[in-house]
Amino acid sequence: MTTIAEFSDQPRYTIKNVSAMTGIQPVTLRAWERRYEALSPSRSGNRYRLYSDRDVAVLRWLNSRLQGGVSISTAVRELRQMTEQGQWPEAVAGGPSLSGGRAAATPAQISRQLYQALLRYDEVEAANLVRQSLASLELITIMQEVLTPALVQIGEAWYRGEIGITAEHYASAFVRGRLLALLQAYPFRKGAPYIMLGGGPTEQHEIGALMISVLLRSQGYHVEFLGPDLPLDDMVEHARYEKPQMIILTATTRETALNLERMQEKLSRLRPAPIFGYGGFAFVYDPALRKRVPGIFLGETLAAAIEKTTSLLPPPAGKPARAAKLVRQAG
Ligand code: B12
């Protein structure tokens, strides 16, 4: 037996997802909210309603009461009376689910399934899981809670000698490909604050930088992703002509982190001088490196990097970007 209280109250699903999961039309969902205060979903940064697994469970329960002949106002009153006494109804199973009958899964579950699909070299299943994530989760959640843990698990399995380097390369190539498709699905906004992004000299890891590029582009910034292993002088020359407002370089290894020591000084000779921000695993693993690299350390997580970057730049004009056919292209 599972009560509705046991479901997560993390905001996660759009109204369209919830409609697909419960079979209740968006117009009805909005009316239940407005007239009966059946639910109060959170709002995303761009003001879209976001529902949690608990909200979905509540909606399924309300629907089952309606099918039992009770009016919506009575069902909502029943629910309120129970919750005011600290009780929750038992969850009702089923209803149409997210994608083709697949039950709504948590990010951790999707991540584990993705890890297993990648180890089997099952590209169709891996692509389906990414598509499922894009339809139901926020981008930042997909990056931090689905893709990153799957890659870390792959890295650990390789380290323990359980999988070969081929499997590890296949998995990172797959994730890299999905992220590039996503990046290109967002409109390229020339007039918006301009950020150049990539890996520092000798860096071969590029997935963290790609994730930040996708997240910033989704917020409407003009982001140029330049790939890994960028020579500093060449980048400074590029920046001299292109005049970005900000340059972000990432470092996973200590060697790359130390290679970033002179970037701030080189950039300070440009007019106007771009802001120099950096981050990545090397600075999380060894925080002392932050003292050695002049510039702005952007934080330990992708979410922190986005927050810090957006606080340093003017906001992009207009609405946050929407990816063209995001789910179909990237999935
Ligand atoms: C895929 C992978 C590779 C691929 C990369 C492919 C590609 N195109 O990107 C390849 C095969 C090339 C590779 C090479 C190597 N790798 Co490697 N690799 C990995 C693996 C499995 C996943 C890395 C990844 O993309 N993670 C996803 C990202 C998003 O996660 P993350 O880097 O941890 O980032 C988090 C934060 O740091 C932060 N973040 C990330 N970027 C940024 C940027 C900014 C600005 C900010 C603020 C935050 C931020 O957000 C993330 C989420 O919290 C990890 C395993 C692991 N445990 O992570 C090893 C790992 C990173 N690799 C490692 C090593 C040692 C190597 C090699 C030296 C191996 C070798 N002997 O040749 C070389 C490095 C060569 C070089 N000079 O760069 C070590 C690094 C340890 C260290 N600090 O020295 C790891 C941790 C494996 C391990 N357990 O030993 N690798």
Side-chain angles (χ1 to χ4, degrees), residues 1-114 128-147 149 322 326-328 331:
M1 288 202 310
T2 312
T3 70
I4 289 175
E6 290 169 58
F7 285 77
S8 157
D9 60 358
Q10 281 281 317
R12 182 164 290 164
Y13 307 112
T14 64
I15 197 163
K16 214 167 137 208
N17 303 146
V18 170
S19 177
M21 291 158 88
T22 59
I24 306 168
Q25 291 300 316
V27 61
T28 309
L29 289 170
R30 284 191 285 264
W32 286 4
E33 182 186 324
R34 202 174 47 247
R35 285 193 216 139
Y36 308 106
E37 295 174 15
L39 292 173
S40 49
S42 318
R43 297 283 175 154
S44 65
N46 45 18
R47 304 287 303 147
Y48 291 127
R49 288 174 173 79
L50 281 182
Y51 298 80
S52 63
D53 283 312
R54 189 178 300 168
D55 291 332
V56 173
V58 164
L59 288 166
R60 286 197 174 128
W61 182 82
L62 289 172
N63 220 4
S64 76
R65 297 297 291 141
L66 261 61
Q67 279 158 20
V70 169
S71 70
I72 181 66
S73 55
T74 306
V76 172
R77 204 168 44 248
E78 286 174 354
L79 178 73
R80 196 161 301 135
Q81 280 167 357
M82 288 177 85
T83 53
E84 276 167 9
Q85 290 165 19
Q87 291 169 347
W88 285 85
E90 220 172 282
V92 178
S97 68
L98 244 188
S99 66
R102 192 194 285 275
T106 64
Q109 286 165 336
I110 302 178
S111 183
R112 260 195 309 279
Q113 289 168 20
L114 178 64
N128 273 337
L129 290 161
V130 173
R131 196 178 299 117
Q132 183 191 350
S133 306
L134 286 166
S136 59
L137 302 173
E138 296 254 32
L139 271 181
I140 186 80
T141 310
I142 299 175
M143 313 282 184
Q144 292 195 150
E145 295 177 40
V146 177
L147 301 178
R322 279 179 70 84
L326 181 63
V327 174
R328 246 177 300 149

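Both backbone and side-chain heavy atoms feed into the values below; hydrogens, waters and symmetry mates do not. Start at 1 with the first residue, then count along the sequence.
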Assess the residue pair E138 and R12 against the criterion (side-chain contact (heavy atoms from CB on, under 4.5 Å)); give the C-alpha distance rounded to whole Å, side-chain angles, the decisive distance to 0.1 Å, and a yes or no. CA-CA 7 Å; E138 296 254 32; R12 182 164 290 164; over 6 Å; no
Distance, nearest 0.5 Å, that separates CD of E145 from CG of L137: 8.0 Å
Evaluate the side-chain proximity of L50 to P41: yes if any heavy-atom separation is below 4.5 Å, no if none is. no
Which atom pair, heavy atoms only, marks the closest approach of R43 to R47? NH1-O, 3.1 Å
Verify the distance criterion only: is there a donor paired with an acceptor across the side chains of N128 and R131 at less than 3.5 Å? yes
Got L147 and I142 here, is their nearest side-chain heavy-atom distance under 4.5 Å? yes
Taking atom OG of S133 and atom CE of M143, what is their separation to the nearest 0.5 Å? 10.5 Å
Nearest heavy-atom pair of T141 and P107: which atoms, and what distance? CG2-CG, 3.8 Å
Show your reasoning for whether side-chain contact (heavy atoms from CB on, under 4.5 Å) applies to L139 and L134. CA-CA 7 Å; L139 271 181; L134 286 166; 4.1 Å; yes
Could you measure the distance from the CZ atom of R30 to the CD atom of E33? Nearest 0.5 Å is fine. 9.0 Å
Checking R65 side chain against I72 main chain: does a donor-acceptor pair fall under 3.5 Å? no
Heavy-atom side-chain proximity of V76 to L62 below 4.5 angstrom: yes
Separation between CG (L59) and CG (L29), nearest 0.5 Å, reads 5.5 Å
For the side chain of D55 and the backbone of S52, is there at least one donor-acceptor N/O pair under 3.5 Å apart? yes
Apply side-chain contact (heavy atoms from CB on, under 4.5 Å) to T14 and Y48, showing your working. CA-CA 7 Å; T14 64; Y48 291 127; 5.7 Å; no
Mind listing the closest non-hydrogen atom pair of W61 and A75 along with its distance? CZ3-O, 3.6 Å
What one should report as the nearest heavy-atom pair of S19 and Q25 is OG-CA, 3.9 Å
Roughly how far, to the nearest 0.5 Å, is OG1 of T106 from CG of D53? 8.0 Å
So, taking the atom named CD in Q132 and the one named CG in L129, what distance separates them when rounded to the nearest 0.5 Å? 6.0 Å
